[in-house]
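For clarity, every value in this text was computed on a predicted model and none was experimentally measured. Whatever order the structure lists ligands and atoms in, that order sets their numbers, starting from 1.
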Amino acid sequence: MSPDPNTSTAHPGGEPDTGSAAVTVQVPAKVNVQLAVGPPRPDGFHELANVFLAVGLYDRVTARPAERLELGCTGPDADRVPLDGTNLAARAATSLAARHGIEPAVRLDIEKDIPVAGGMAGGSADAAGALLACDVLWGLQTPQEELLEICAELGSDVPFSLVGGAALGRGRGERLSVLEVGAEFHWVFATAEGGLSTPAVYREFDRLTGSAAPEPQPSEALLAALRRGDAEQLAACLANDLEPAALSLRPELSRTLETGRSAGAAAALVSGSGPTCAFLATSAQTAEDVAGALREAGVCRTARTATGPASGARVLHDRTDRTATNRTP
Ligand code: C5P
């Protein structure tokens with residue numbers, strides 16, 4: 001079922017009159033500390049060794065009972081979020097309802113803080129958030145494994161958005177093994193004007209690399225740095241095979257990366273398919289200094305600090321008539 005285009009807008013005039021039941025889920029953004037990309041597979045996807053780290057920039061998704069599927073979005077980038085049936089949060093609600101043979105009679109309100117089309121899995125976060133919020137609102141208690149299956153059908157990064165923390169993603173990124181992380185890492189994220197299309201970045205990767213890309217492997221040194229919580233070692237290992245493709249499409253990002261490095265970041269890289277640039281710092285103070293320098297140089301739209309790992313999709317408020325459970329998947 002598609003959301004009603006007449007009601008699928010942000011609702012500055014107040015909340016819809018659907019009773020008081022509501023479930024709010026918070027979901028983090030991610031940065032890929034390693035993104036090793038292989039050649040294209042027959043299905044068009046690329047085999048990956050994708051080391052995800054969830055970071056503390058969050059979207060919130062609130063689910064409330066409604067007559068039919070409706071979507072709303074607020075936040076600085078809200079006008080760039082599609083509010084039709086293509087929205088991943090809407091698709092998540094529809095998939096979950098279909099599995100259980102029920103109607104997706106729900107209003108989803110997304111409070112958007114993760115950059116849109118920024119390479120930080122914002123759309124995936126909303127999908128994972130909607131899935132968990134609807135599961136709790138509808139009292140389904142879908143097993144975690146089944147939720148992860150639905151996530152994988154929705155998109156390669158969605159399972160990680162549900163789980164959070166740190167994980168190695170194999171296959172197209174959806175087959176996860178949880179990773180140990182020994183400390184909190186300090187990051188700066190420089191967002192850019194406009195987004196980058198993930199398929200376009202992968203196409204550019206193919207154009208630049210052809211079928212010459214080797215089989216992707218996780219870096220043992222990087223996994224050890226995460227385990228030990230060693231920021232300097234992690235900085236030395238950060239790697240994103242999509243970065244040359246993102247820079248080819250958006251050459252001006254080189255200046256952003258260089259500005260952060262000169263300001264004291266231990267390492268700089270494009271986040272996922274970009275155009276957000278990520279900077280690893282060895283202290284909270286250095287992260288603030290790097291963010292300040294990026295803002296001052298005018299090489300980004302915004303510069304935000306955040307730490308990682310962050311928790312995955314998490315129920316913040318459960319105003320249903322069932323016992324409130326602070327459920328984490
Ligand atoms: O899985 P998801 O829908 O997020 O992927 C978006 C696009 O990114 C795919 O259509 C594909 O072009 C590209 N992609 C890829 N290989 C992956 C993940 C994504 O080529 N492992």
Nearest non-hydrogen partners of Ala267 and Ala235, listed with the distance: CB-O, 3.5 Å
Under a 3.5 Å cutoff, is there a donor and acceptor pairing between the side chains of Thr24 and Thr62? yes
Starting from atom 3 (O) of ligand 1, which protein heavy atom do you reach first, and at what distance in Å? Gly155 CA, 4.1 Å
Whether the Ser161 and Ser124 side chains hold a donor-acceptor pair (N or O, under 3.5 Å, no angle test) is what I'd like checked. no
Are Ser273 and ligand 1 in contact, using a heavy-atom cut-off of under 4.0 Å? no
Distance filter under 4.0 Å to Gly44 heavy atoms, resulting ligand 1 atoms: 20 (O)
Could you find the nearest protein heavy atom to atom 18 (C) of ligand 1 and give me its residue, atom name and distance? Ser156 OG, 3.5 Å
Looking only at protein heavy atoms, which one is nearest to atom 20 (O) of ligand 1, and how far off is it? His46 ND1, 2.7 Å
Check: Thr198 N/O within less than 3.5 Å of ligand 1 N/O: no
Starting from atom 7 (C) of ligand 1, which protein heavy atom do you reach first, and at what distance in Å? Pro199 CG, 3.9 Å
So the atoms of ligand 1 within less than 4.0 Å of a heavy atom of Arg172 turn out to be 1 (O), 17 (C), 18 (C), 21 (N)
Please work out, at 4.0 Å between heavy atoms, whether the side chain, the backbone, both, or neither of Phe45 comes within that distance of ligand 1. both
If you measure only the distance, is there a donor-acceptor pair under 3.5 Å linking the side chains of Thr142 and His100? yes
If we only count heavy atoms from C-beta on, is the Thr282 to Glu232 side-chain gap below 4.5 Å? yes
Would you call the rings of Phe205 and His46 parallel, tilted or perpendicular, where under 30° means parallel and over 60° means perpendicular? perpendicular
Considering heavy atoms of the protein only, find what lies nearest to atom 13 (C) of ligand 1 and give residue, atom and distance to 0.1 Å. Tyr202 CD1, 3.3 Å
Does Asp157 come within less than 4.0 Å of ligand 1, judged by its heavy atoms? no
Evaluate the side-chain proximity of Glu149 to Arg99: yes if any heavy-atom separation is below 4.5 Å, no if none is. yes
